[in-house]
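Computation of the quantities below employed the complete heavy-atom set of this structure, encompassing side-chain atoms and omitting hydrogens, waters and symmetry-equivalent molecules. Quick note on labels: first sequence line is chain A, next is B, and so on, each numbered from 1.
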Amino acid sequence: MTADSRPVRTRYAPSPTGDPHVGNIRSALFSWAYARANGGTFLLRIEDTDRNRLVETSLEAIMESLRWLGIDWDEGPEIGGPAAPHFQSQRLPLHQKAAAPLIGKRPAHPRPPRPERLDQMRAAQAAAKQPPGYDGTCRRLPREEADARAGREPFVVRFAMNKEGQTVLTDMVRGQVVFENKLQDDFVMLKSDGYPTYHLGVVVDDTEMEITHAIRGDEWISSAPKHIQLYEALGWEPPVWAHLPLILGPDHKKLSKRCGDTALHDFRANGCLPEAMINFLAFLGWSLDDHTSILSIDELKQHFDLARVVANPAVFDIDRLNFLNGHYIREMEDARWCQTITDWCERDLPVSVKRPIVPAVVESVAPLLKERTAKLADIAPMVEFLFSYDAPEFPVEMLVERVGDAATAVRVLDVALTSLDTVAEADWAVANIEAAIRDMEGPLEMKLRKFVPVLYVAEMGRPQGIPLFDSIVLLGRERALQRIRTARLRLG
RNA sequence: GGCGCAUUCGUCUAGUGGCCUAGGACACCGCCCUCUCAAGGCGGAGAUCAGGGGUUCGAAUCCCCUAUGCGCUACCA
């Protein structure tokens, strides 16, 4: 039974060496979505065989990122499953057992050529403009001598690649890719510490876990011949391959830890919504049709198809992410939006602001905030002025900037004070405030739009934000008037 | 250096030989709306389909060459 006729099983197999970035997670998303779209199973496997690069917090970061996005795994850490364990480091017997028969008919290389020797060899190859690769010295060693040396020295086990002919990869994204076997390298499959390298690890574990579709980043395509030949040597059925296009940073280079803050948790910390991230990632290398650009996670689960994955790398476009985030904020239902505002206020507002955040205030700003928020981290600065008696601090020049000179600003504040003072406490509502402020046009001989920035600054400490009339109502008569007096005082 | 992959508006993409004088979205610009900022509505600009050769009545779509970009080239994944 070939891989494409069995029930679909896909996996995401990160190595726990740091926080996952959007590139890794996009691979997870596509694997997951493909399984979901085909009624298959999605598993999470942790490839922790590089004991030197392990990062303690990484496993939790990976799982937390997936959970946040709603990418649920059917088998894996914390869930278990028939193919457990899901940590590669706990599967060593499986890897060694698989490698054993290979050592019989294909020579083990008993001693690691000393690192210096390998370095020299590579330097010489580069200088001679020859293809790089292990020179196979130990491959020619007689079996007895190899075994003897293995008994007393540390050693690695390399896989003896077939050097004749070609290895052909059939890939769902790229079609057929042909590799010349004579250029292939005898790669290490078991390291001297007994752990498998990635190459042995994936092949053994994907097989054991009955993975039908190996979906991974394009950086792996050069290694595909190694894996294909391993499957052949082991007599195992390979999965269907799909190499996803890389995601490039703004510098058009492959995303990495050092290239921008593309760690998923940074986006979350800045107030990105999971549905925006999913929607964004889904269209990096894939499309539904010729016109859809907004897609829910449920629609993705239903319609995702590897056949529509494109082959060319995609540049990460932060503008689009922000747009999508704003879109999903505007679509959010009110209760959740209020809760979101509360959460982010609790998190971001100065410690001087009393907790818990007053629900009534949140409810009244919520609609005003909705269409003005692109990232959730924008929320607190916009509403901070509502939570203190005095306006947040601001430079005095800000009062003057939009009207030209201090004298004009003073006049605006004076007239505002008089005008607003005529509105009684009981009448303190948007319509009356608006009327009072519009009435200022006469005495000031200025258009509303011209003088209004002064009042924004006086009330909110910033020249723009949620609407003025509403803000003044929310502040209440006393605070609103007091802030105008304070601003007036600051202008001398 | 070797090998591999890729190349359609600034960006993500639609496109699988005639529906393409190339469609959508973000970004950009303008107008409308408007108490600021947004959001929203309407409109605009933006791609000789990397370049050059073929094949064909006809090519963004098929073939070849070139260029450029990226990836890999570890006892890392």
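Of the residues in residues 286-295 of chain A, A:S287, A:D289, A:D290, A:H291, A:S293 come within less than 4.0 Å of RNA chain B through at least one heavy atom, sorted by number.
By the 4.0 Å N-to-carboxylate-O rule, A:D185 lies too far from A:R158 to be salt-bridged with it.
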#### Entry: Where protein sits on nucleotides 28-48 of chain B, one letter per nucleotide: B base, S sugar-phosphate only, - none, heavy atoms under 4.0 Å
-------BBBBSS--------

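Shown are A:V423, A:L455, A:I437; of these, the side chain to side chain contact (heavy atoms under 4.5 Å, CB included) with A:I472 is made only by A:I437.
Using N1 to N3 plus N6-O4 or O6-N4 for Watson-Crick, or N1-O2 and O6-N3 for G-U wobble, each under 3.5 Å, B:A45 pairs with nothing. In this structure, B:U61 makes no Watson-Crick or G-U wobble pair, since no nucleotide meets both defining distances under 3.5 angstrom. Across all strands shown, B:C3 forms a Watson-Crick or G-U wobble pair, both distances under 3.5 Å, with B:G71. The pairing partner recorded for B:C19 is none, the criterion being a Watson-Crick or G-U wobble arrangement whose two distances lie under 3.5 angstrom. Nucleotide B:A39 forms no Watson-Crick or G-U wobble pair with any nucleotide shown, as no partner meets the under 3.5 Å limit on both distances. Under the Watson-Crick and G-U wobble criteria, each requiring two contacts below 3.5 Å, nucleotide B:U11 is paired to B:A25.
Contact annotation for A:R308: backbone-only contact, meaning every heavy-atom pair under 4.0 Å involves sugar-phosphate atoms and none involves a base. Residue contacts shown for A:V202 are absent, as no nucleic acid heavy atom lies under 4.0 Å away. No contact: A:G326 has no heavy atom under 4.0 Å from any strand.
B:U68 sits 31 Å from B:C29 when the C1' atoms are compared, rounded to a whole Å. B:U61 and B:U48 are spaced 15 Å apart, taking the P atom of each and rounding to whole Å. Taking atom P in both B:C57 and B:G51, the straight-line distance is 24 Å, to the nearest Å. If you take atom P in B:A45 and the same atom in B:G24, they sit 12 Å apart, rounded to whole Å. Spacing of P atoms, B:A50 relative to B:A59, comes out at 15 Å, to the nearest Å. With C1' as the reference atom, B:A14 and B:U73 are 36 Å apart, rounded to whole Å. For the P atoms, the distance from B:U55 to B:C64 is 15 Å, rounded to whole Å. Taking atom C1' in both B:G46 and B:C28, the straight-line distance is 9 Å, to the nearest Å.
Atom pair A:K253:NZ and B:U11:P shows a separation of 15 Å (rounding to whole Å applied). With rounding to whole Å, A:L248 atom CG is found 10 Å from B:G71 atom C1'. Atom CG of A:L54 is separated from atom C1' of B:A77 by 12 Å (rounded to the nearest Å). Rounded to an integer number of Å, the gap from A:H199 NE2 to B:C72 P is 12 Å. Rounded to whole Å, the distance from CG on A:N325 to C1' on B:A27 is 16 Å.
Using a distance-only test at 3.5 Å, with no hydrogens or angles considered, no donor-acceptor pair links the side chain of A:K447 to the main chain of A:E441. Here the side chain of A:R479 pairs a donor or acceptor atom with the backbone of A:L386 at under 3.5 angstrom.
Every residue was checked against the ring-ring contact (aromatic ring centres under 6.0 Å, His included) condition with A:H243, not counting sequence neighbours, and none meets it. Applying the side chain to side chain donor-acceptor pair (under 3.5 Å) test to A:N312 and every residue at least two apart in sequence or in another chain returns nothing.
Residues A:M161 and A:T167 are not in side-chain contact: their nearest non-hydrogen atoms beyond the backbone lie 4.5 Å or more apart. Within the 4.5 Å cutoff, the side chain of A:D427 has no heavy atoms near those of the A:R477 side chain. At least one side-chain heavy atom of A:Q88 sits less than 4.5 Å from a side-chain heavy atom of A:H95. No side-chain heavy atom of A:P238 sits less than 4.5 Å from a side-chain heavy atom of A:H227. Between A:R438 and A:L448, the closest side-chain pair of non-hydrogen atoms falls below 4.5 Å. Side-chain atoms of A:L444 and A:R411, non-hydrogen and from C-beta on, do get closer than 4.5 Å to each other.
Among residue pairs with one or both ends in residues 214-224 of chain A, those qualifying as salt bridge (charged side-chain N to carboxylate O under 4.0 Å, His left out) are A:R174-A:D218; sequence neighbours excluded.
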Sort me out a list of protein N/O and nucleotides 4-6 of chain B N/O pairs below 3.5 Å, or just none if empty.
| residue | atom | partner | partner atom | Å |
| --- | --- | --- | --- | --- |
| B:C5 | O2' | A:R174 | NH1 | 2.6 |

#### Entry: From CA spacing to verdict: salt bridge (charged side-chain N to carboxylate O under 4.0 Å, His left out), A:R91, A:D205
CA-CA 8 Å; A:R91 306 172 62 83; A:D205 293 339; 2.7 Å; yes

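For A:R320 and B:A27, a side-chain-to-base donor-acceptor distance below 3.5 Å is absent, hydrogens and geometry of angles not being considered.
For the pair A:G285 and A:L190, nearest-nucleotide mapping onto RNA chain B gives the more 5' position to A:G285. Remark on RNA chain B: of its neighbouring residues A:P245 and A:T49, the 5'-side contact belongs to A:P245, judged by nearest-heavy-atom nucleotide.
In this model, the phosphate group of B:C70 is not approached by any side-chain N or O of A:K254 to a distance below 4.0 Å at OP1 or OP2. Using a 4.0 Å cut-off, no side-chain N or O of A:K226 falls inside it from OP1 or OP2 of B:U73.
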